[in-house]
Amino acid sequence: MKDIKIIVATHKKYWMPSDPMYLPLHVGREGKEELGYIGDNTGDNISLKNNNYCELTGVYWAWKNLRADYIGVSHYRRHFVKKRIRGSKQKKVITQIQLEQILEKADIVLPKPRNYIIETNYSQYAHAHHAKDLDVTREIMREKYPEYVPSYDSYMKKTSGHRFNMFIMKRKYFDEYCAWLFDILFELESRLDISGYSKNDARVFGFVSERLLDIWLDAQNLAYMDVHVEFMEIQNWLKKGGSFLKRKFR
């Protein structure tokens, strides 16, 4: 059996997969009530940044404190599944045996990409949040990692990309990705004034990081495999689609 750990980022008590490779992690734990899960405020951590970094406080915690040959990230309501099947949550969520079969073919596993069709990755973000978040990120990349700028520009013109900050990576790639990611985000945090942002837009560093993953993969020319991700609750797709179109044409 491979040494795999997938953190399940959560801020509330919730159903959790029974497979031992899953590790429920209370993100934003600092100053919050105990849930019975290990908190991201132990060891080297950025737990207090959770309002702005979302599940990335869990990613940072895993990077600095978790030891395994493969590290993954999922959410309490969103999990990798082998295929879309009916049945209980436990039956749907991918098991270590199933995952190991996939890892024989690729060292990196990602969610199926989201396709916006009528929006580019840049325009979708600009309509949903603040364009300057991405513009300043590009400036930082140009200064610190200029070799990544062509991948940045190419990605922003595309209409699809991986979302959710979910992945499973071989440790080597996980370490390299986190070192690059948090170097950029910490610099972005020092340059952005988000004092006037809404509560949702203040989650800026989590949103930006969703776009950075594909840029890093492209610049590194790394192979990966896309796997289905399923939301464990009923979603109102009519409402979500309406909001998407409203932002586009507002």
Side-chain angles (χ1 to χ4, degrees), residues 9-11 25-32 39-41 44-64 73 75 114 116 119-159 161-167 176-219 240 243-250:
T10 186
H11 63 275
L25 181 68
H26 185 173
V27 295
R29 167 67 179 86
E30 188 66 22
K32 303 297 194 310
D40 67 351
N41 62 334
D44 189 348
N45 72 86
I46 56 170
S47 183
L48 283 172
K49 295 180 182 288
N50 184 258
N51 286 342
N52 307 123
Y53 279 74
C54 311
E55 62 279 336
L56 290 186
T57 61
V59 175
Y60 185 93
W61 179 88
W63 177 36
K64 295 297 186 178
V73 182
H75 302 164
R114 174 170 288 182
Y116 294 109
E119 290 269 39
T120 64
N121 287 309
Y122 183 88
S123 68
Q124 185 277 328
Y125 188 98
H127 290 147
H129 308 292
H130 297 272
K132 70 176 182 180
D133 303 343
L134 296 181
D135 296 339
V136 176
T137 298
R138 188 184 187 280
E139 291 176 10
I140 295 169
M141 197 173 293
R142 179 177 55 80
E143 295 169 12
K144 306 190 76 167
Y145 302 97
E147 68 276 16
Y148 284 79
V149 173
S151 294
Y152 175 99
D153 291 341
S154 174
Y155 169 78
M156 289 301 169
K157 295 174 183 176
K158 295 178 180 178
T159 58
H162 297 96
R163 292 293 180 266
F164 313 133
N165 283 321
M166 288 178 62
F167 53 78
E176 292 174 359
Y177 173 60
C178 286
W180 176 84
L181 174 69
F182 287 105
D183 186 40
I184 291 175
L185 293 181
F186 290 159
E187 181 63 27
L188 179 63
E189 183 180 9
S190 72
R191 298 190 191 188
L192 274 185
D193 177 8
I194 63 172
S195 58
Y197 280 19
S198 67
K199 184 176 180 180
N200 183 58
D201 286 342
R203 299 162 64 196
V204 52
F205 308 111
F207 292 142
V208 169
S209 67
E210 288 184 281
R211 281 76 186 171
L212 291 179
L213 176 57
D214 280 326
I215 295 167
W216 179 76
L217 289 166
D218 182 73
K240 289 176 72 70
S243 297
F244 171 75
L245 291 172
K246 193 178 294 183
R247 289 195 300 266
K248 167 70 174 175
F249 298 110
R250 183 170 52 193

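Residue numbers run from 1 in the order of the sequence given. Quick caveat, the model's predicted, so the values are computed rather than measured.
The side-chain contact (heavy atoms from CB on, under 4.5 Å) check on Lys132 picks up His130, Leu192, Tyr197, with sequence neighbours excluded. With sequence neighbours excluded, no residue forms a side-chain hydrogen bond (donor to acceptor under 3.5 Å, both in side chains) with Tyr152. Judged as a side-chain hydrogen bond (donor to acceptor under 3.5 Å, both in side chains), and not counting sequence neighbours, the contacts of Tyr122 are Asp135. For Thr57, the side-chain hydrogen bond (donor to acceptor under 3.5 Å, both in side chains) criterion is met by Asp40, Asn50, not counting sequence neighbours. By the ring pair (Phe, Tyr, Trp, His ring centres under 6.0 Å) test, Phe205 is found to be paired with Tyr53, residues two or more places apart in sequence or in another chain being considered. Residues satisfying the side-chain contact (heavy atoms from CB on, under 4.5 Å) test with Asn51, not counting sequence neighbours, are none. Residues forming a side-chain contact (heavy atoms from CB on, under 4.5 Å) with Asp153 (at least two apart in sequence, or on another chain): Arg138, Val149. Not counting sequence neighbours, Ser154 has no partner by the side-chain hydrogen bond (donor to acceptor under 3.5 Å, both in side chains) test. Under the side-chain contact (heavy atoms from CB on, under 4.5 Å) criterion, Asn41 pairs with Arg29, Glu30, Asn45, Ser47, not counting sequence neighbours. Under the salt bridge (Lys or Arg N to Asp or Glu O under 4.0 Å) criterion, Glu176 pairs with Lys172, sequence neighbours left out.
Screening residues 187-208 for salt bridge (Lys or Arg N to Asp or Glu O under 4.0 Å) gives Lys49-Glu189, Glu143-Arg191, Glu187-Arg191 as the qualifying pairs, with residues at least two apart or on separate chains. Applying the salt bridge (Lys or Arg N to Asp or Glu O under 4.0 Å) test to pairs two or more places apart or on separate chains, none has a residue in residues 206-215.
Close placement of the Trp180 and Tyr148 rings is indicated, their centers lying within 6.0 Å of each other.
Considering only heavy atoms from C-beta on, Phe207 stays 4.5 Å or farther from Arg163 through its side chain. Looking at Thr137 and Ile184, their side chains come closer than 4.5 Å, going by heavy atoms from C-beta outward. Using a 4.5 Å heavy-atom cutoff, the side chains of Phe167 and Val59 are in contact. With contacts defined as side-chain heavy-atom distances shorter than 4.5 Å, the pair Trp216/Leu181 does not qualify. The shortest side-chain heavy-atom distance between Arg114 and Phe164 falls under the 4.5 Å cut-off.
Ring planes of Tyr60 and Phe182: perpendicular class, angle over 60° (limits at 30 and 60°).
For the atom pair Ser151 OG and Met156 CE, the distance stands at 11.0 Å (nearest 0.5 Å). Here Cys178 contributes atom SG and Leu185 contributes atom CG; the two are 10.0 Å apart, rounded to the nearest 0.5 Å. Here the straight-line distance linking atom CG of Leu134 with atom CG of Leu188 works out to 9.0 Å at 0.5 Å rounding. To the nearest 0.5 Å, atoms CG (Leu213) and OH (Tyr155) are separated by 8.5 Å.
Formation of a donor-acceptor pair under 3.5 Å by the Asp44 side chain with backbone atoms of Trp61 is not found in this model. The backbone N or O of Lys158 lies less than 3.5 Å from a partner atom in the side chain of Asn121, making a donor-acceptor pair.
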Going through the distances and angles, do Tyr145 and Ile140 end up as a side chain to side chain contact (heavy atoms under 4.5 Å, CB included)? CA-CA 8 Å; Tyr145 302 97; Ile140 295 169; 5.9 Å; no
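Summarising the geometry of Gly206 relative to Cys54, their closest heavy-atom pair is CA-SG, 4.3 Å, with the distance given to 0.1 Å.
Residues Tyr125 and Asp133 bring a donor and an acceptor atom of their side chains to less than 3.5 Å of each other.
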